[in-house]
A.B. asks: 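Sharing a structure, written as structure tokens. Questions coming.
Below, read A as the first sequence line, B as the second, and so on, with proteins coming before strands; counting in each chain starts at 1.
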Protein chains: 2
Amino acid sequence: MLFGRHALSRVGESSAVTSDMIWAPLFQRLKTTTGADDRDLEALAALPFTLRTFRENQAVLRDGEQPSECCLIADGFCFRSKTIVDGRRQILSIHIPGDLPNLQNLHFPTVDHDLIALSDCTLAFIAHKALNDLISQRSGVGDMFWRDTLVDAAVSREWIVNVGQRSTHNRLAHLIVELRERLRLIGRVIDNTFEIPLTQEQFGEAMGVTSVHTNRILRELRIDGVLELQRGTVRILNEHKLQELAQFDGRYLQMSPSS
Amino acid sequence: MLFGRHALSRVGESSAVTSDMIWAPLFQRLKTTTGADDRDLEALAALPFTLRTFRENQAVLRDGEQPSECCLIADGFCFRSKTIVDGRRQILSIHIPGDLPNLQNLHFPTVDHDLIALSDCTLAFIAHKALNDLISQRSGVGDMFWRDTLVDAAVSREWIVNVGQRSTHNRLAHLIVELRERLRLIGRVIDNTFEIPLTQEQFGEAMGVTSVHTNRILRELRIDGVLELQRGTVRILNEHKLQELAQFDGRYLQMSPSS
DNA sequence: CGCCGCACTTAACATTTGTTGGGTTTGCCT
DNA sequence: AGGCAAACCCAACAAATGTTAAGTGCGGCG
């Protein structure tokens, strides 16, 4: 079920893209997270969708747009961001395969932030109408989606804590551990290495600091033997030290159905 | 429909508390926000509830609890917060009459943060079972609640931007303008004066700065003739300067049904 | 192959924010 | 009225973070 990071996004790729490949990460996450009903998932997988590919840095959705579809990340990474008047930009969340980053548009027509491709990526677009029809037939699907937006909200709250209270070292460690746990859920963590294709500037925008300062932090973490970051690939050098810095309590991710 | 800030919370108060008084702020907000169906609201108002009062600083919900009820703020203010291991605390959101701060527990049993009374306040508790029964009968109620949690999420995202990117002066101005707009919606803003019963330390915890620095900012805003804050009462002195600082774009609050 | 742009890197300096410690005011309680 | 605790206020100094202004290295493209 694992496929390469850009497997789906090569321009001109002619291999058949099956529905399975599109939905697998989401289903894997939903099963682990909230205990999904198989028939709800089957109904989802039967929905028609349109595939579109985006290049690194290309906008998927712009602040103010009124999309008529929801998108599912099939491959690659995206991020939400808001830019304030003086040009500073805050990254609000990172999205990975299996995420539905604009489910909220099922209820509110206008997006209030940008959604931008972090790497070349492939998204499946599903019409609001099709989703709403399915939800009205199978209330379990609506509940599942509601839960998904609630986890999204919980991630945002933890993001506030990160930016507001943690030291920048702890902040970077926490961000990385959160991403790793989410990537692990969809099978993207091998050994101590995984991909987070953010530039140092983007890490800074996620943490609310400048790229220069991000660079300072990374150097210190490297010198202290905690982790290395090279062109978007994270390598954990000392798991214990990382945990100590991250102070990570993953309950907010709702990764076990019992919680 | 307006009643004093502590009208419902005086210990020993014997006047009858009608369902209307409890639901009025929420209904006022929902009508302005998302266009609510009157019959859905009537059905809500018919639900049984239990009133409980809390003293300033008392915990309504603790991180890790598994409540069997959702609460509606009938009177007074509450806030969500998370405390990290070194004792620092981040305020995640401020809640005012008409807010349903733990709707998410309809779907997830465990709360992942604290909910604390900011002032003496009165909350109406409604059993999950009663809410879920109503939702399964009237899907409009479920949709309304889903929308409410989505607005809550949008407020959290803007909070991230505030803490992450804005200068502390702008940050305080933005926080105050957001609260004012939400208070205005439920009729709590008179002239240029309204209540935000936060101490300077709590303003700091909301913005991710220390109380000493909050005090610095407030002094400068006072000297610059922007606003005054005295014992939880905000007085706007210069609306134009305030707007300039706050850079407030309220679309994320979804205050008009058309947006 | 060589050039070019972008990410990364670093240092010196400026500015913001935190820390400490003390004082003042306010409101409540007795 | 007097005393107490909490909030507010402020200044001096320390630490964290931003700004500016340079490099360096790498990968893509002509």
A.B. asks: How long is the line joining CE of A:Met207 and P of D:dA16, in whole Å?
C.D. replies: 15 Å
A.B. asks: Taking atom types as modelled and ignoring hydrogens, do the side chains of A:Arg216 and A:His213 form a donor-acceptor contact shorter than 3.5 angstrom?
C.D. replies: yes
A.B. asks: Between A:Arg251 and A:Glu158 (salt bridge meaning N to carboxylate O under 4.0 Å), is one present in this structure?
C.D. replies: no
A.B. asks: Side chain of B:Arg88 only, please: which of D:dG27, C:dT19, C:dT9 is the nearest?
C.D. replies: C:dT19
A.B. asks: Mind calculating the distance between CD1 (A:Ile223) and P (C:dT10) to the nearest angstrom?
C.D. replies: 7 Å
A.B. asks: Can you tell me how far P of C:dT9 sits from CG of A:Leu221, to the nearest Å?
C.D. replies: 12 Å
A.B. asks: Which nucleotide sits closest to the side chain of A:Gln200: D:dC9, C:dT9, C:dT19?
C.D. replies: C:dT9
A.B. asks: If I take atom CZ in residue B:Arg166 and atom C1' in nucleotide D:dT17, what distance separates them, rounded to the nearest angstrom?
C.D. replies: 20 Å
A.B. asks: Considering every strand and a 4.0 Å limit on heavy-atom distances, what is the contact class for B:Gly204: base, sugar-phosphate, or nothing?
C.D. replies: nothing
A.B. asks: Can you tell me the distance, in whole Å, between the CZ atom of A:Arg231 and the C1' atom of C:dT9?
C.D. replies: 14 Å
A.B. asks: For the residue pair B:Arg157 and A:Ser156, confirm or rule out a side-chain donor-acceptor distance under 3.5 Å.
C.D. replies: no
A.B. asks: What's B:Arg219 touching, base or sugar-phosphate or nothing? Going by heavy atoms closer than 4.0 Å.
C.D. replies: sugar-phosphate
A.B. asks: What's the closest nucleotide to the side chain of A:Val212 if the choices are C:dT20, D:dC9, D:dT19?
C.D. replies: D:dT19
A.B. asks: If you only use heavy atoms from C-beta on, which nucleotide in C:dT19, C:dT17, D:dT17 is closest to the side chain of B:His213?
C.D. replies: C:dT17
A.B. asks: Please tell me which of the listed nucleotides, C:dG18, C:dC8, D:dC10, lies nearest to the side chain of B:Asn215?
C.D. replies: D:dC10
A.B. asks: B:Thr168 near the nucleic acid: base, sugar-phosphate alone, or nothing, with a heavy-atom cut-off under 4.0 Å?
C.D. replies: sugar-phosphate
A.B. asks: Out of C:dT19, D:dG18, D:dC9, which has the shortest distance to the side chain of B:Arg216?
C.D. replies: C:dT19
A.B. asks: If you look at every strand shown and take non-hydrogen atoms under 4.0 Å, does A:Gly232 touch a base, only sugar-phosphate, or nothing?
C.D. replies: nothing
A.B. asks: Determine, for A:Glu178 against A:Arg182, whether the closest basic-nitrogen to carboxylate-oxygen distance falls under 4.0 angstrom.
C.D. replies: yes
A.B. asks: Rounded to whole Å, how long is the line connecting atom CD of A:Gln230 with atom P of D:dG25?
C.D. replies: 14 Å
A.B. asks: Hey, which of A:Ile236, A:Asn238, A:Leu227 is the one that makes side chain to side chain contact (heavy atoms under 4.5 Å, CB included) with A:Asn192?
C.D. replies: A:Ile236
A.B. asks: Could you give the CZ-to-P distance, from A:Arg89 to D:dG18, as a whole number of Å?
C.D. replies: 16 Å
A.B. asks: Please tell me which of the listed nucleotides, D:dT17, C:dT19, C:dT9, lies nearest to the side chain of A:Arg222?
C.D. replies: C:dT9
A.B. asks: Starting at atom CD of A:Glu201, determine the distance to atom C1' of C:dT9, rounded to an integer number of angstrom.
C.D. replies: 14 Å
